[in-house]
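Reckoned from all heavy atoms, side chains included, excluding hydrogens, waters and symmetry mates. Each ligand, and each atom within it, is numbered from 1 in the order the structure gives.
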Amino acid sequence: MRTSKWMVLIVAVTAVLTMTAAAQQTSSASQNPQAAANQPAATQAAPTTMDQVVDRVIEREKGLVKMLAPRTPLVETYLQNLQQDPQLGPIPQNDRYFLGRMDLSESIDRSDFLKAEKDKDESMERRLMGGFTKAFKFQYTPLGFSWMIFADRDDFDRQHYEFRYARREFMGDVRCLVFDITPKKDAGHGRFLGRIWVEDQDFNIVRLNGTYSHARRNTYYFHMDSWRLNLIPGYWVPAYIYSEEGDFTAGAKNKIAFKAQTRIWGYNLKTTMGNDELTQIRVDSVKDDTPAAQDASPLAAEREWQQQAEDNVVERLERAGLLAPEGDVDKVLQTVVNNIEITNNIDLPRPVRTRVLTTSPLETFSVGNTIVISRGFIDVLPDEASLAMVLSHELAHIVLGHNLGSQYAFNDRMLFSDESTFANLGFKHIPEEEVAADKKAMDMLKGSPYAQKLDSAGLFVKILQVRAGQISSLLQAHLGNSIADNGTVTRMAQVATSAPALDWNKLDQIAALPLGGRVKLNAWDDKVEIVKAQPVAITSARDKMPFEVTPFFPRLTRFSTGVAAPPTGQTTTANAVPANTN
Ligand SMILES: [Zn+2]
């Protein structure tokens with residue numbers, strides 16, 4: 001702190017005029033009185049020079065590093081290698097999927113990448129290249145695309161960087177100050193080079209865009225665009241990172257190109273657990289609706305057993321951050337399921353529930369009476385009829401009594417680490433049940449309100465068939481049956497037979513959407529919601545981008561109080577900057 005004051009004195013001469021406006025913007029409402037009482041006056045005063053702003057940015061960044069240190073969020077990277085198509089431009093050639101957990105305690109990915117403390121630059125490189133060259137095997141390990149959640153975790157300061165104010169800019173609803181950041185001459189390898197956007201109330205970084213500089217020979221730093229969201233009071237937490245490399249212009253030598261989306265969520269998984277458990281106990285002790293008069297009949301016992309397994313699995317997946325808490329998206333899904341049930345006179349002993357898997361790969365499965373569908377699958381479906389097609393297959397399994405997972409009614413089977421979820425849970429049906437479910441689903445669809453709208457569902461299956469060979473990682477299920485096998489679509493293939501022909505030139509024919517267009521996952525509490533994006537007119541075949549990866553452009557808004565209570569634990573408010581700097 002003393003250092004920063006001293007800095008201000010020296011550089012105040014160069015203060016930029018634009019700062020007065022920023023100072024006015026600094027809202028006193030954002031300052032929690034309790035936090036203010038704990039803070040030295042110097043950190044509370046609104047900055048009046050651009051250099052004071054930079055000091056505040058550095059402080060806030062250190063505060064974020066500290067706040068996130070005990071957390072182990074999930075991090076998912078989905079990458080598409082690209083090839084040039086004469087008509088469609090860059091399209092997927094093959095893909096990679098990676099899901100892991102970040103350990104933010106002392107440095108990012110510490111367990112895997114930073115063992116060689118003696119050469120920090122080298123470890124940074126291995127962090128990048130390691131993640132890339134390890135071929136993104138599907139397992140929980142740290143990965144290379146997550147490093148840009150911070151500009152520089154350890155040395156983000158004036159000793160290592162030049163900060164140059166560029167301009168003021170609105171990002172969504174949030175007014176930001178924009179700075180260009182360059183590493184100082186002898187700052188070393190692997191330093192951030194690029195631009196940051198800083199919100200103008202508490203001076204948190206909300207976006208980072210750039211790369212790392214001073215790569216050594218034979219090494220390469222990716223370009224990244226990293227976004228943070230104000231999901232809790234006072235902090236903007238890293239949520240999305242977009243990466244892209246390659247050049248398809250005429251004459252370009254490097255034709256290797258890729259696009260990758262990294263999503264981070266589950267920040268609050270461990271801290272909420274205690275509270276949830278208490279709530280659970282209270283609820284359970286109040287309502288016990290099992291008839292006490294007599295023992296369960298054999299069939300009733302069987303159903304009870306199934307439900308127990310179902311509840312165990314749902315609870316376990318939610319605890320691992322792989323299942324979103326019940327919410328509004330489920331209501332949409334449930335409506336579609338109900339539409340099929342009612343029109344087919346399906347009367348099940350228990351209502352069918354739906355839940356959203358938080359991951360991108362296209363998969364569904366069911367356990368007991370719960371149908372689970374992945375976030376990525378909902379994203380790419382073009383309309384309600386195609387959603388009905390996907391859900392009808394799982395509903396068919398339930399109707400046909402293809403119950404799986406009764407072994408999970410034994411609670412010892414729930415005792416495994418989150419990281420080994422996919423090794424410990426599985427809901428794959430035998431091929432005969434898959435065929436039977438498809439057949440039953442077709443029958444149900446024909447008797448449903450979606451019967452006349454199955455063209456779009458058929459087109460979806462067709463475009464899936466066109467791309468299946470190139471997006472095998474996206475089509476690889478991790479808990480249920482995959483919808484394609486060796487580049488051939490196996491799920492609901494029959495729907496395609498009556499569908500119209502695929503035509504890239506028909507701009508109103510949207511067979512499948514890009515990833516990320518429908519479902520928004522809250523990085524802090526894992527809740528999902530339907531995105532309210534304005535539809536954008538498609539002007540060429542290249543705009544269709546089925547199943548493709550695109551950049552992120554979240555509309556930034558400030559955390560609104562009154563919507564949700566502040567999270568538990570050490571997170572407080574904006575100005576609770578930890579005292580230790582440097
Ligand atoms: Zn199935």
Side-chain angles (χ1 to χ4, degrees), residues 138 306 309-310 313-314 317 322-323 330 333-334 336-341 344 346 348 350-357 359-378 380-381 385-408 421-422 424-448 450 454 457-458 460-462 464-465 468 471-497 512:
F138 192 78
Q306 287 290 346
E310 175 183 342
V313 167
V314 165
L317 286 174
L322 292 168
L323 208 62
D330 297 315
L333 302 175
Q334 226 125 17
V336 174
V337 172
N338 286 346
N339 287 343
I340 303 170
E341 282 186 283
N344 284 280
I346 294 165
L348 294 162
R350 286 194 291 130
V352 173
R353 302 186 292 181
T354 57
R355 295 296 286 272
V356 178
L357 206 63
T359 48
S360 289
L362 276 45
E363 74 171 303
T364 62
F365 64 92
S366 49
V367 51
N369 272 33
T370 296
I371 295 174
V372 177
I373 177 169
S374 64
R375 171 180 52 76
F377 212 160
I378 303 173
V380 298
L381 291 168
S386 49
L387 178 61
M389 170 190 69
V390 170
L391 295 174
S392 68
H393 174 91
E394 295 301 337
L395 179 62
H397 279 308
I398 293 172
V399 170
L400 295 170
H402 295 169
N403 280 313
L404 281 183
S406 65
Q407 71 269 30
Y408 303 127
T421 299
F422 297 118
N424 283 278
L425 296 181
F427 309 93
K428 275 191 176 38
H429 290 276
I430 55 171
E432 290 81 358
E433 288 183 350
E434 283 299 286
V435 171
D438 270 356
K439 189 170 175 299
K440 179 74 184 168
M442 274 311 293
D443 290 346
M444 290 190 299
L445 285 173
K446 282 176 186 159
S448 80
Y450 305 106
L454 290 179
F460 176 79
V461 173
K462 281 189 173 178
L464 192 61
Q465 184 54 64
I471 54 170
S472 55
S473 298
L474 190 66
L475 304 184
Q476 172 74 53
H478 300 287
L479 290 165
N481 293 82
S482 290
I483 57 175
D485 186 24
N486 279 326
T488 304
V489 177
T490 47
R491 179 81 56 89
M492 301 297 286
Q494 206 202 319
V495 182
T497 51

- Query: Looking just at side-chain N and O atoms, do Thr359 and Arg375 make a donor-acceptor pair shorter than 3.5 Å?
  - Reply: no
Would you say His402 has an N, O or S atom lying under 2.8 Å from the Zn ion (ligand 1)? no
Applying side chain to side chain contact (heavy atoms under 4.5 Å, CB included) to Gln407 and not counting sequence neighbours gives Arg413
Only one of Val372, Val356, Val390, Val352 passes side chain to side chain contact (heavy atoms under 4.5 Å, CB included) with Leu333, and that residue is Val356
Of all the N, O or S atoms in Glu434, the one nearest to the Zn ion (ligand 1) is OE2
For the Zn ion (ligand 1), the nearest N/O/S atom on His397 is atom NE2
Hits for salt bridge (charged side-chain N to carboxylate O under 4.0 Å, His left out) against Glu310, two or more places apart or cross-chain, chain-then-number order -> Arg350, Arg353
